[in-house]
Amino acid sequence: MIIGFDDTDSKTMGMCTTYLGALMLEEIPLPPDEITPYLLRLNPNVRFKTRGNAAVSLKLAPREDYVDDLWKICCELLEEFAVFDDENTNPGIVFLSEEEAAGMHRELERFSLRAVRDFITIDETKDFLKRHKIKHRGYKNGRGLIGALAAAGFALNGLSDWTYELVAYRKPENWGRRRSLNEETVWAADRASYPFTWDTVDHQNKKIVFSPHGPDPVLFGIRGSDQKRIMDAFRIIRSEPIDRYLIYTTNQGTDMHITEARIDDAREGRSYKIRGRVTAPPRTIHGGHVIFTIEDGSGEVDCAAYEPTKNFREVVRRLAPGDTVTVYGALKNQTINLEKIQIERLIPRRVLRNPLCGCGKRMKSVGKNQGYRCKRCGTRSDLPEIVEVDPGIRVGVYETPPVARRHLAKPLIRCNEGKVKTYPSR
Ligand code: ATP
């Protein structure tokens, strides 16, 4: 049995769909280890999202005679906690029995993957639910059914790559107040568990990044590859009282949103991996954003390292026309928003200098296009000296820092790409 739900929260009025997951899990009369909670991140470019476009599903095996009660409990909890007053909150919930779903695995798998990589309409989702007689309830315009069905699909088919996130929630009386965390213990938790956990802190930008700032009930989330190490980190952290916590299995940090493409085939609002040649030197525009252009024979596209990507911009600034790169990121306003970049080939960086005279002194320029002359011995030269300089970057893969990381972006600490050198940002 799988329960999927989405779109229960509000940017301004709080709540979080993962919190509802934690509440449902507690209400279901099964031992917690018989329920697998999934936290799925869907297409980050969907404009209706509240924050990170998350949807949740629970996979469990209830007694057959309990399924109707379970449906009732889950709908009631959703109705109690979803922020119906926010006009952008349109909850949806679906119930999928594994037996009933037996004939639709592949179709649902494609649906879920499209929810991460593409856009899906409410009508098409309702049609899917009807055609396959999937138990569901959509509230208001029912948009949440899209995420709910996609999340259920991932729980049904499993994930080909996954990580974990422990989400810790605040006591309701503290919601909306400033979060209280003992910062030193957060840094200690990171030191004790990295690289099995990541994105707890950002060392280069000296920032704690695992805790949100809004009115939602989340105190913090510890992301990682190993549940035991995540728990070790959790036990080190001292904070305001924790109401409850839950470890989700998730597609965060997997690059599931990325598909390989040629520039010509890339479409707005989807995320790509594109290989190309730098055609114009990086330029820094108003606001500190760094932009450069690549071409791949099919077309040209701008790539941006925006100001929030901080030190990542230093790498991008050092690119030069002729370099070969593979960029990763979403196409937004006809620009690739960089999440990662692989520098594959750097053309030699050459600068021109006044030539060195045989007598040991550096010559002076005589005038524009008139060559050089040694002031000490009078020797002349028509040509300047060509010197190769260090490009200041190396071939390898670079990523945006934790402060700017997208939920789905695979951290380099998880990338074992064999011979390719990686430079994880921490
Ligand atoms: P939070 O991260 O706090 O849980 P959120 O960012 O997940 O919030 P939602 O409130 O869930 O935002 O809103 C996202 C809405 O977009 C949902 O209704 C969901 O069903 C819908 N949606 C998700 N993926 C797609 C997609 N690929 N195409 C169209 N709609 C989508």
Side-chain angles (χ1 to χ4, degrees), residues 3-24 37-58 78 81-94 108-129 134 136-154 165 167 169-170 175 210-221 223 246 248 250-252 256-259 267-271 330-332 405-408:
I3 310 161
F5 45 96
D6 194 11
D7 209 341
T8 62
D9 54 2
S10 153
K11 207 177 266 177
T12 49
M13 292 181 250
M15 250 306 277
C16 175
T17 305
T18 70
Y19 183 70
L20 189 59
L23 295 178
M24 282 187 190
Y38 287 90
L39 159 55
L40 285 326
R41 297 289 177 177
L42 308 176
N43 187 346
N45 309 300
V46 160
R47 80 187 152 90
F48 303 107
K49 69 177 182 174
T50 308
R51 285 177 298 263
N53 203 5
V56 172
S57 54
L58 305 175
L78 186 148
F81 284 91
V83 188
F84 285 94
D85 289 345
D86 186 324
E87 60 170 335
N88 292 320
T89 301
N90 298 284
I93 178 164
V94 307
L108 191 51
E109 188 176 30
R110 280 196 299 276
F111 181 94
S112 299
L113 202 55
R114 275 185 55 226
V116 175
R117 295 180 173 174
D118 211 321
F119 297 95
I120 297 180
T121 63
I122 303 174
D123 283 350
E124 142 182 37
T125 307
K126 286 183 175 166
D127 174 63
F128 192 116
L129 292 163
I134 298 170
H136 66 278
R137 193 172 286 175
Y139 300 82
K140 295 162 74 181
N141 74 12
R143 179 170 288 115
L145 289 170
I146 304 171
L149 181 58
F154 280 121
E165 177 164 353
V167 190
Y169 300 98
R170 319 179 69 190
W175 296 0
F210 80 150
S211 179
H213 299 284
D216 58 282
V218 175
L219 181 58
F220 57 74
R223 292 163 184 215
L246 184 56
Y248 276 102
T250 168
N251 63 348
Q252 288 171 170
M256 187 191 260
H257 60 318
I258 302 266
T259 49
R267 290 178 300 153
E268 279 291 305
R270 284 84 170 173
S271 305
L331 185 69
K332 210 170 168 189
R405 176 127 46 215
R406 283 217 137 154
H407 297 294
L408 276 161

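Numbering of ligands and ligand atoms starts at 1, following listing order.
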Original post:
Does the ring pair (Phe, Tyr, Trp, His ring centres under 6.0 Å) test come out yes or no for W175 and Y169, once each step is laid out?
Top reply: CA-CA 9 Å; W175 296 0; Y169 300 98; 8.9 Å; no

Subject >> Basic-acidic side-chain contact under 4.0 Å: E109, R114 >> reply: no

**OP:** May I have all residue pairs that pass salt bridge (charged side-chain N to carboxylate O under 4.0 Å, His left out) and include part of residues 8-24, sequence neighbours excluded?
**Re:** D9-R51

Expected list for residues 211-218: side-chain donor-acceptor pairs under 3.5 angstrom, two or more places apart:
residue: S211; atom: OG; partner: L219; partner atom: O; Å: 2.7
residue: D216; atom: OD2; partner: V218; partner atom: N; Å: 3.2

**OP:** For S112, enumerate each residue passing the side-chain hydrogen bond (donor to acceptor under 3.5 Å, both in side chains) test, keeping only those at least two apart in sequence or located in another chain.
**Re:** none

**OP:** Please confirm whether R223 makes a cation-pi placement over F210, using NZ or CZ under 6.0 Å from the six-membered ring centre and within 45° of the ring normal.
**Re:** no

Original post:
Under a 4.0 Å heavy-atom cut-off, which residues neighbour ligand 1?
Top reply: D6, D7, D9, T17, R41, L42, N43, V46, F48, K49, T50, R51, G52, N53, A54, A115, D118, F119, I120, R143, G144, I146, G147

